[in-house]
Amino acid sequence: MFSGRQFCRPRRRVFYIFVFFICNLLFVFLCISEWGYNDLPASELNKSSDHHLDYREFISHTPERPRDLYQYNLSLSDSLGVVRKLPTTRHYRCITQPYNLPPPFESNLSVVISFHNEARSMLLRTIVSLLIRTPEDYLHELIILDDGSEDVTLLDDLKRWMGSVFWARDHLGLILRRNPRRMGLIWSRNRGASLASGYYVLFLDSHCEVNEGWLEPLLERLALNPHLAVSPLLDPIDPTTLSYRKGSELLKGGFDWSLHFHWLKRQLANHEHPEMPYQSPVFAGGVLMMSREWFLKLGSFNSFLKIWGGESIELAIKLWLCGGQIEIVPCSRIGHIFRRRHAFDFPPQFDQELSSAQETYLHNSKIIAESWLDEYKNMFYALRPAARRIPLDHTYDEMQKLRRELQCHPFEWYLRHVSSELRMHFDELSATGTLRNEDRCLHATQNDTHLILANCYRGDITQWSMLGNSGQLANQREYCLGVGFRSQIILEPCGRNESTRKSQRWMRLGTQLLHAETHMCLDNPLKDRLEMSTCRSNAASQSFQFALEMERQT
Ligand code: UD2
Ligand code: MN
């Protein structure tokens, strides 16, 4: 008779042979995929020739600049080489699923990259990752616009370098232009699109790395609907370590009533997989792709917007309102360096209460509000009162004409059908904006530790939101006004449960703010110090006006 041990031995041996075999297979597979990677045109990339520039030489021409000019790690970028292997961040099902692609002659692509003061190695990695990871048949042309960068020989050098490496790509159009004077990203992208001749146009920042298989999932979606515009899912690249991470599929793009971009969380519907394309109120930032004809028909990016900011929000609003749709497609991945600060200057400001970057953004937002928000622009002005003081040098006739021609919906439609988040915020508000007592406004200091009465016109003056249901009075960082021990007025994180909410509940009594729990009123008896006191009707020191009070029908 066999003992149990003896009986198991031959089985174990088979098991070891099996494991050995699998390991070998794995090893061979890894070798092949590495070899495949090196076998891409990348193997050509560092070749030099006598009259062309080699990669090292190309980046060595980077002019001396302050270390923080680019707002990312320049020496690391220079040392990474012209292309690197990126982690696979898309879902595994994206790799195995077949894509239904239209033929290249009716769906080829023009890529527009505008840059201002981008490091040579970074720009090159953007371009090369695109060239080697895009099916050749579909890539019609590359349009690169140097928006008045200080490195004046960059474009010429780039042309020489590209000539040496991509000379065999005779189908690829290459358009290189330089604005002698900086015109801004929005003007430059429009110029790029007007030069383009591909069926689709993609706008790309100049510090991106496109990942494997990025184009096919976008093409498949666009082929289904000529009025669709898509964003890939952006994977964040860390500006210090340049490490490439996975972006989340559970975020979509949105904006608030100040017209600032925000990521919004989304819920998966029943049976919805995270890698499926999903609709979004605005693009995932400024990296977007759509039919060139449709883009031009929509009037391109609004050409009145200056330099930087707001153009993709404007395009998103007009797209939705005028018969289009926006989707984010998680199977398509593009890495982008999210810098912590701007890497460039803005034109000098007129309003000393604002920084030049704030003023440019506010200028652009004002145009969006005036062009598209209809009566809801009052929400924007309530939250951004400084926008009223910004002069605009044009009228909105053009935009109204476009709205009529394309039979665009009113903004109300966007609230109803596209951005329930924006509508909810509107619906739950009973008042919003600055909170004024005589000529001073209630202001929370930057770290939310102090409440003061400050000049209403300062650029960062606190905007308050009074919520109809809970009676909470919150600032934009979600700190709420409450009353604590000995009737002290405090700022604390807005409470989510009933008991914390109770001490943060306020009611409107004419223009007075009555604290529900203590039955006392907010008061400013000494002109510069807030306190709680017995309510006195008609007391000027207890009269607080919001920039915008909603009139709700009850
Ligand atoms: C976000 C968007 C960007 C654009 C911008 C608002 C992403 C990934 N990026 O920018 O696409 O929508 O918001 O306008 O969502 N540039 C010029 N000329 C200038 C200034 C900038 O060509 O005067 C270039 C710059 O080199 C870069 C691109 O424009 O390639 C976008 O600028 P950014 O990267 O500083 O802005 P970012 O990523 O905050
Ligand atoms: Mn960027």
Side-chain angles (χ1 to χ4, degrees), residues 68-72 111-120 122-127 130 143-151 154-155 176-193 201-210 214 229-239 247 251-255 259-263 280 282-289 300-317 326 328 332-347 356-358 360-365 367-368:
D68 59 351
L69 179 74
Y70 302 109
Q71 295 291 325
Y72 49 73
V111 179
V112 175
I113 301 176
S114 164
F115 68 94
H116 176 71
N117 287 350
E118 195 67 80
R120 287 180 169 221
M122 192 59 80
L123 177 65
L124 212 57
R125 214 171 301 114
T126 306
I127 295 172
L130 184 82
I143 302 174
I144 299 174
L145 300 119
D146 175 351
D147 187 19
S149 301
E150 290 161 34
D151 183 352
L154 194 164
L155 266 201
L176 304 176
R177 291 282 190 279
R178 180 176 154 80
N179 303 334
R181 184 165 69 83
R182 179 179 169 208
M183 301 297 288
L185 148 82
I186 299 160
W187 189 93
S188 305
R189 283 188 176 175
N190 276 347
R191 182 169 185 224
V201 60
L202 167 83
F203 298 99
L204 197 60
D205 283 18
S206 45
H207 34 256
C208 290
E209 283 171 81
V210 310
W214 73 278
V230 289
S231 277
L233 206 137
L234 294 182
D235 286 327
I237 303 178
D238 185 277
L251 298 176
K252 58 183 182 176
F255 58 87
L259 296 180
H260 279 131
F261 176 86
H262 290 282
W263 293 109
S280 177
V282 297
F283 296 101
V287 179
L288 61 101
M289 178 168 158
S300 309
F301 290 117
N302 187 322
S303 59
F304 293 112
L305 304 187
K306 285 197 290 205
I307 303 284
W308 180 101
E311 83 294 340
S312 68
I313 292 185
E314 203 261 357
L315 180 65
I317 296 175
I326 296 176
I328 296 178
S332 170
R333 298 281 172 159
I334 295 189
H336 168 259
I337 300 193
F338 288 91
R339 298 186 280 203
R340 293 183 186 102
R341 298 178 50 198
H342 288 300
F344 38 77
D345 294 330
F346 284 83
S356 52
Q358 279 173 335
T360 304
Y361 197 82
L362 210 54
H363 167 272
N364 293 355
S365 307
I367 293 178
I368 302 175

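Worth knowing before you read on, the calculation uses all heavy atoms, side chains too, and leaves out hydrogens, waters and symmetry mates. Since we're looking at a predicted model, the values are computed, not measured. Whatever order the structure lists them in is the order used to number ligands and atoms, beginning at 1. By convention here, the first residue in the shown sequence is residue 1.
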For [X], take its heavy atoms, then give the atoms of ligand 1 lying under 4.0 Å from any of them.
X	answer
L234	8 (C)
H116	17 (C), 18 (N), 19 (C), 22 (O), 26 (O)
H336	8 (C), 38 (O)
G285	15 (O)
R189	11 (O)

Please check if any side-chain donor atom of N117 sits under 3.5 Å from a side-chain acceptor atom of E150, or the reverse.
-> yes
Could you verify whether a donor N or O on one side chain and an acceptor N or O on the other, from N190 and S303, lie under 3.5 Å apart?
-> no
Please identify each residue that fulfils side chain to side chain donor-acceptor pair (under 3.5 Å) with R182, with sequence neighbours left out.
-> none
Quick test: of every protein heavy atom, which one is nearest to [atom], and how far off is it to 0.1 Å?
atom	result
atom 5 (C) of ligand 1	W308 NE1, 3.5 Å
atom 30 (O) of ligand 1	S206 OG, 2.6 Å
atom 19 (C) of ligand 1	D147 OD2, 3.4 Å
atom 23 (O) of ligand 1	R182 NE, 2.7 Å
atom 12 (O) of ligand 1	E311 OE2, 2.5 Å
atom 9 (N) of ligand 1	D205 OD2, 3.0 Å
atom 22 (O) of ligand 1	S114 OG, 2.6 Å
atom 16 (N) of ligand 1	L185 CB, 3.8 Å

Under 4.5 Å between any side-chain heavy atoms of [X] and [Y], yes or no?
X	Y	result
Q71	P239	no
M183	R191	no
P347	I307	yes
M122	Y72	yes
I317	I313	yes
F115	L154	yes

Counting only N and O atoms by type, is there a donor-acceptor contact under 3.5 Å from the side chain of S231 to the main-chain atoms of V287?
-> yes
State whether the side chain of S280 and the backbone N or O of G253 hold a donor-acceptor pair below 3.5 Å, judged by distance alone.
-> yes
Any idea which part of F344 is under 4.0 Å from ligand 1, heavy-atom wise: side chain, backbone, both or neither?
-> side chain
Would you call [X] a ligand 1 contact, heavy-atom distance under 4.0 Å?
X	value
M183	no
H342	no
G184	yes

What's the shortest heavy-atom distance between [X] and [Y], and which atoms?
X	Y	result
D235	R333	OD1-NH1, 2.9 Å
G335	I237	C-CD1, 3.7 Å
P232	I334	CG-CD1, 3.8 Å
N302	F304	OD1-N, 2.9 Å

Assess the pair H342 and W308: is the distance between their ring centroids shorter than 6.0 Å?
-> yes
If you leave out waters, which protein N, O or S atoms are less than 2.8 Å from the Mn ion (ligand 2)?
-> D205 OD2, H207 NE2, H336 NE2
Any N/O of [X] closer than 3.5 Å to an N/O of ligand 1?
X	result
S312	no
G286	yes
G309	yes

